[in-house]
Amino acid sequence: MKTWRLFGPLTCVVVSMALMGSASAVQGNDAGTIDANGVNARSSQPPGPTASWFDRIDINVYGLAYHPDREAVHRLNLDNQVNPGLGLHYALVDDLRGTTFAEVGTYRDSGRNQATFAELGYQFKLSERWRIGAALALVESRTYNGGTTFLGMIPLITYDLGPLKLNAVYFPKIGHYNEVAAYGFYLSIPLQWWLR
């Protein structure tokens with residue numbers, strides 16, 4: 001119940017805006033610039049109407065972390081900065097304005113425990129390569145929130161190189177949910193680029 005009070009109103013507003021923005025973009029969107037392979041020039045994803053479900057999947061490879069408060073992470077034994085893991089990213093809607101997506105994944109977290117999550121998010125396309133947004137994530141790990149599953153908002157920025165995407169996330173310090181702020185870094189591999 002405390003988790004809902006902390007994240008509830010902000011989460012509802014951001015997710016609603018993301019979904020509405022994505023839906024309106026689909027209604028008034030043209031196909032954009034398409035290259036010889038049928039790929040939208042502003043995204044590593046093919047244009048919405050012609051994309052199969054398989055073309056919308058990325059494999060996420062986690063990761064690294066950086067904790068700015070070095071003293072606190074050593075004291076709390078949260079200093080693991082190599083966070084290997086895997087996840088799946090699925091683009092629900094990918095248009096010229098942005099991408100609505102769902103992700104699931106698991107990784108070894110900063111406290112050396114296995115963390116699992118499922119999330120729904122939206123990223124605006126700032127330019128041909130840059131995306132910025134956030135995801136509403138359901139997270140479970142013994143490291144966070146005393147081991148109790150919780151809901152949190154995760155800011156996310158992506159640089160899309162085409163065959164690879166570079167991602168950075170921010171986990172803010174929020175009471176007992178997350179005792180030390182951290183930045184996370186991982187790669188996304190669009191399957192359409194490698195399995196054509």
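Side chains are part of it too, since the values below use all heavy atoms of this structure and drop only hydrogens, waters and symmetry mates.
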Between Asp94 and Lys125 (salt bridge meaning N to carboxylate O under 4.0 Å), is one present in this structure? yes
Do the ring planes of Tyr66 and Tyr183 sit parallel (below 30°), tilted (30 to 60°) or perpendicular (above 60°)? parallel
All ring pair (Phe, Tyr, Trp, His ring centres under 6.0 Å) counterparts of Phe171, not counting sequence neighbours: none
Which pair of heavy atoms, one from Tyr62 and one from Gly87, lies closest together, and at what distance? CE1-N, 3.7 Å
Which is it for Tyr144 and Val139 under the side chain to side chain contact (heavy atoms under 4.5 Å, CB included) test, yes or no, and what are the steps along the way? CA-CA 8 Å; Tyr144 310 113; Val139 182; 4.2 Å; yes
Let's go through Ile59 and Leu191 carefully: what are the C-alpha distance in whole Å and the side-chain angles of both, what is the deciding distance for side chain to side chain contact (heavy atoms under 4.5 Å, CB included) to 0.1 Å, and is it a yes or a no? CA-CA 7 Å; Ile59 302 294; Leu191 290 184; 3.7 Å; yes
Quick one: do Asp58 and Lys165 make a salt bridge, cutoff under 4.0 Å? yes
For residues Gly147 and Glu140, report the shortest heavy-atom separation together with the two atoms involved. O-OE2, 4.1 Å
Once rounded to the nearest 0.5 Å, what's the spacing between atom CD1 of Ile132 and atom CG of Leu126? 6.0 Å
Is there a path of hydrophobic side-chain contacts, each under 4.5 Å between heavy atoms, that joins Ile174 and Tyr170? no
Any side-chain heavy atom of Phe101 within less than 4.5 Å of one from Leu156? yes
So, Thr158 versus Gln123: side-chain donor-acceptor pair below 3.5 Å or not? yes
Exercise: identify the closest heavy-atom pair between Gly162 and Arg129: N-NH1, 3.8 Å
Indicate yes or no: at least one non-hydrogen side-chain atom of Leu161 is less than 4.5 angstrom from one of Tyr159. yes
Between Val169 and Tyr186, is any pair of side-chain heavy atoms under 4.5 Å apart? yes
Quick check against the 3.5 Å criterion: does Asn178 have a side-chain atom that pairs as donor or acceptor with the backbone of Pro172? yes
Hey, could you give me each pair passing salt bridge (Lys or Arg N to Asp or Glu O under 4.0 Å) that has a residue in residues 167-192? Not counting sequence neighbours. none
Side chain proximity check, Phe117 to Leu138, heavy atoms < 4.5 angstrom: no
Tyr122 and Arg97, any side-chain heavy atoms less than 4.5 Å apart: yes
Looking only at heavy atoms, which two atoms of Ala182 and Pro68 are closest? And how far apart? CA-CD, 4.5 Å
Check whether any side-chain heavy atom of Thr106 sits under 4.5 Å from a side-chain heavy atom of Leu86, and report yes or no. no
ILVMFWY network linking Phe185 to Val61, side-chain heavy atoms under 4.5 angstrom: no
Can you tell if the side chain of Thr99 reaches within under 4.5 Å of the side chain of Val93, non-hydrogen atoms only? no
Under a plain distance cut-off of 3.5 Å, with no hydrogens placed, do Asn60 and Ser188 share a side-chain donor-acceptor pair? yes
Are any of the side-chain heavy atoms of Ile157 and Arg131 separated by less than 4.5 Å? no
Show your reasoning for whether side chain to side chain contact (heavy atoms under 4.5 Å, CB included) applies to Thr116 and Val104. CA-CA 8 Å; Thr116 56; Val104 294; over 6 Å; no
Residues Leu187, Leu166; criterion side chain to side chain contact (heavy atoms under 4.5 Å, CB included); working and verdict: CA-CA 5 Å; Leu187 298 174; Leu166 308 176; 3.2 Å; yes
Please set out all donor-acceptor pairs under 3.5 angstrom arising from side-chain atoms of residues 76-84, sequence neighbours excluded.
unit_1: Asp79; atom_1: OD1; unit_2: Arg112; atom_2: NH1; d: 3.1
unit_1: Asp79; atom_1: OD1; unit_2: Arg112; atom_2: NH2; d: 3.3
unit_1: Asp79; atom_1: OD2; unit_2: His74; atom_2: ND1; d: 3.0
unit_1: Asn80; atom_1: OD1; unit_2: Val82; atom_2: N; d: 3.4
unit_1: Asn80; atom_1: ND2; unit_2: Val82; atom_2: O; d: 3.0
unit_1: Asn80; atom_1: ND2; unit_2: Asp109; atom_2: O; d: 2.9
unit_1: Gln81; atom_1: OE1; unit_2: His67; atom_2: N; d: 3.4
unit_1: Gln81; atom_1: OE1; unit_2: Arg70; atom_2: NH1; d: 3.4
unit_1: Asn83; atom_1: OD1; unit_2: Ala65; atom_2: N; d: 3.4
unit_1: Asn83; atom_1: ND2; unit_2: Arg108; atom_2: O; d: 2.9

